[in-house]
Structures are given as structure tokens and as C-alpha cells.
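Written out below as C-alpha cells is the structure these notes cover.
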2 protein chains.
Amino acid sequence: MRAEALKGHLDGLLLATLEGGPQHGYAVKEALRDATGGRLDLPTGTVYPALHRLERAGLIKGSWSVVGGRRRRTYELTEQGRRSLAGARDHWQEFAAVISAALGGGPWPATN
Amino acid sequence: MRAEALKGHLDGLLLATLEGGPQHGYAVKEALRDATGGRLDLPTGTVYPALHRLERAGLIKGSWSVVGGRRRRTYELTEQGRRSLAGARDHWQEFAAVISAALGGGPWPATN
DNA sequence: TCACTATAGGTAGCAACCCTACGCATTGGA
DNA sequence: TCCAATGCGTAGGGTTGCTACCTATAGTGA
């Protein structure tokens, strides 16, 4: 997958991954990979800066810990992040509907 | 709609608009707006450079004409553009499936 | 002991691409 | 006469994901 197409959608994916409970960055990356059957295997250089951005924006909150001699930064959703995730899902649905309508060619099972 | 999320998907939309037959840039912009019920109203500063990009890439072919005293640049799909459109549709389907899978939360309206 | 891999975090710089804000020209209506 | 709609265009900027690189620890195997 050309992940460049992710522009503007990555934040929602990261928030969704954290919805089930707190996780550290590396685990988020792996959860995303597993959730998509390996089709979305983001480089760490994408994941970490994005998490920092989300934290700066107040959508997630991070805290340091040490597990097995390795330092970890564990993130969890804030209340604002939860609202933002809901908004991202709404936005995605509308976006997908719009693109599908404009792209045509039977992308949507609905119009068959 | 925040069209900024379009990153990487605009080209396919423009190609799809030209699939029905040759059109000039302004008409493409309006066709896209109409096809999406006004939800995707792109500024001309987005449409024209994108069309130039597609032409440079050999996916569309443009020609000048004058209609009602106004010069128009009419574009039509090339064979390569037609193939690229098919690829864009495939790519969109996979992309949408991946994002929906990762975003969760009742992703697909298909099951209506 | 040494090398390598997996795990875990990070940064700098780049490139793509869409947007904002303009500019020009013509036609037609108020 | 002025303005809106039509129609084309460019310059510059900002967001954002990617490539490429760095640091560090634990564990495995030669």
C-alpha cells in the first residue's frame, strides 16, 4: 500500500488503536499491522512523530515506564482524544462515501 | 469536506470525471461538485495544477479551443490514463478496506 | 567474546500535494 | 458602469508521511 495516501487519516487510526486501552508506541505500530493483515506496516519514523503530534494536540497522554530494562512511553486516550476519534470515524464515512460516489466504477457494493 | 484528506486520491477522481468524455478544467471541477452533491467543491488552484500534473504524466491529453470568446483547454483520457483509472479504483478499494478495518467502529455503510 | 536480531525510542531533512491568495481575460446582466 | 460568472493560470506555504539515520537493551547463536 502506498501509505502516502494516508495523509489526514493516520491520526484516527492511531487513536482507534488506543481505544482498547493504553499501549506503547511500538505496540501501536504492531497492532495496526495485525489489524490490517500486514497491509499497513508503518515505519517507526511515521508512528513516533505522529504520536508526538497527537500528544501535543492533547488527544493522547503519554507516560514513561521501564519494562524488562527497556524504557517505554505508554499512551492513552484523553477525553478529547475520544471525541476526536468519534469525529474521525464520522469524517471517514463521509469521505469514503464522497470518493466512492465520484470515483464510480462500482467500488461500492451498494449500487450493484 | 476538508479536501486536504484527498492527498493521493485526487488524481483518480479527475480521471473518473473524464471517463465519460472530454471536458475542460472548469467543467471537471463542476462535474465533481455535482457528483458529490456539493460536498467536494475544489478550488481552481487545486484542479488546474492537478490536471497539468496528469497531463505531464501522460494520463490525459489537452487541447486548446475557443468557445464563446473564451479559450478552453479540453482534456481527454489517454489509454494510459484509462489503465491508471482502473488501478486507482482497485487501489481505493483496498485502501478503504484497510482503513475501515483499522478504524473500526462500524466502518462500512454497505450492509444497509 | 562477538555479531546479529528484535524490541523500543528518537531526530533531520525531504518530497508530495493540496490550499490560499492572487492575477488575467471575456461575456452578460443589473 | 460595475460586478458576477466563466475560464485559465501561477507563487508560495503548510501539513504530513517517508527515508535514513542514531541510541540503547535483551537474547540468541557462533
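Labels below follow one simple rule: chain letters A, B, ... track the order of the sequence lines, proteins then strands, and each chain is numbered from 1.
Across the protein-nucleic acid pair, A/Lys29 atom NZ and C/dA8 atom P stand 12 Å apart, rounded to whole Å. Across the protein-nucleic acid pair, A/His9 atom NE2 and D/dT15 atom P stand 17 Å apart, rounded to whole Å. Atom CG of A/Leu42 and atom C1' of C/dG10 are 17 Å apart (whole Å). Between B/Leu10 atom CG and C/dA16 atom C1' there is a gap of 13 Å when expressed in whole angstrom units. Per the geometry, CZ belonging to B/Arg33 stands 11 Å off C1' belonging to D/dA5, to the nearest Å. Look at NZ on A/Lys7: it is 8 Å from P on D/dT16, rounded to the nearest Å. Atom CD in A/Glu30 sits about 7 Å away from atom P in C/dA8, given to the nearest Å. Here C/dA16 presents its C1' atom at 11 Å from CG of B/Asp11, a figure rounded to the nearest Å.
Annotation for B/Ala88 and B/Gly12: closest pair CB-CA, 4.0 Å, computed over non-hydrogen atoms. Among all heavy-atom pairs drawn from A/Ala101 and B/Ala35, the shortest one is CB-O, 4.0 Å.
Look at B/Glu94 and B/Arg89 and you find no salt bridge, because none of the NZ, NE, NH1 or NH2 atoms lies under 4.0 Å from a carboxylate O.
Dashed line: the shortest gap from a side-chain N or O of B/Tyr48 to OP1 or OP2 of D/dG9 is not under 4.0 Å. Look at A/His52 and you'll find a side-chain N or O under 4.0 angstrom from OP1 or OP2 of C/dT11.
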Please list, pair by pair, any protein nitrogen or oxygen found under 3.5 Å from a nitrogen or oxygen in nucleotides 11-13 of chain D.
none

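Considering only side-chain atoms of B/Pro43, the nucleotide from C/dA16, C/dG9, C/dT20 that sits closest is C/dT20.
Remark: B/Asp90 engages no residue in a side chain to side chain donor-acceptor pair (under 3.5 Å) (not counting sequence neighbours). Partners of B/Arg82 under the salt bridge (Lys or Arg N to Asp or Glu O under 4.0 Å) rule, at least two apart in sequence or in another chain, do not exist in this structure. For B/Glu55, the side chain to side chain donor-acceptor pair (under 3.5 Å) partners are B/Arg73, not counting sequence neighbours.
Scanning residues 60-78 of chain A for heavy-atom distances under 4.0 Å to DNA chain D yields A/Gly68, A/Gly69, A/Arg70.
Residues A/Arg53 and A/Asp11 are in side-chain contact: their nearest non-hydrogen atoms beyond the backbone lie under 4.5 Å apart.
Of the inter-residue distances, the one linking B/Trp92 atom CH2 with B/Leu13 atom CG reads 8.5 Å to the nearest 0.5 angstrom.
Nucleotides of DNA chain D nearest to A/Ala50 and A/Thr44 differ in position, and the one nearer the 5' end is that of A/Ala50.
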Show me the side-chain donor-acceptor pairs of residues 61-71 of chain A shorter than 3.5 Å, one per line, residues at least two apart or across chains.
none

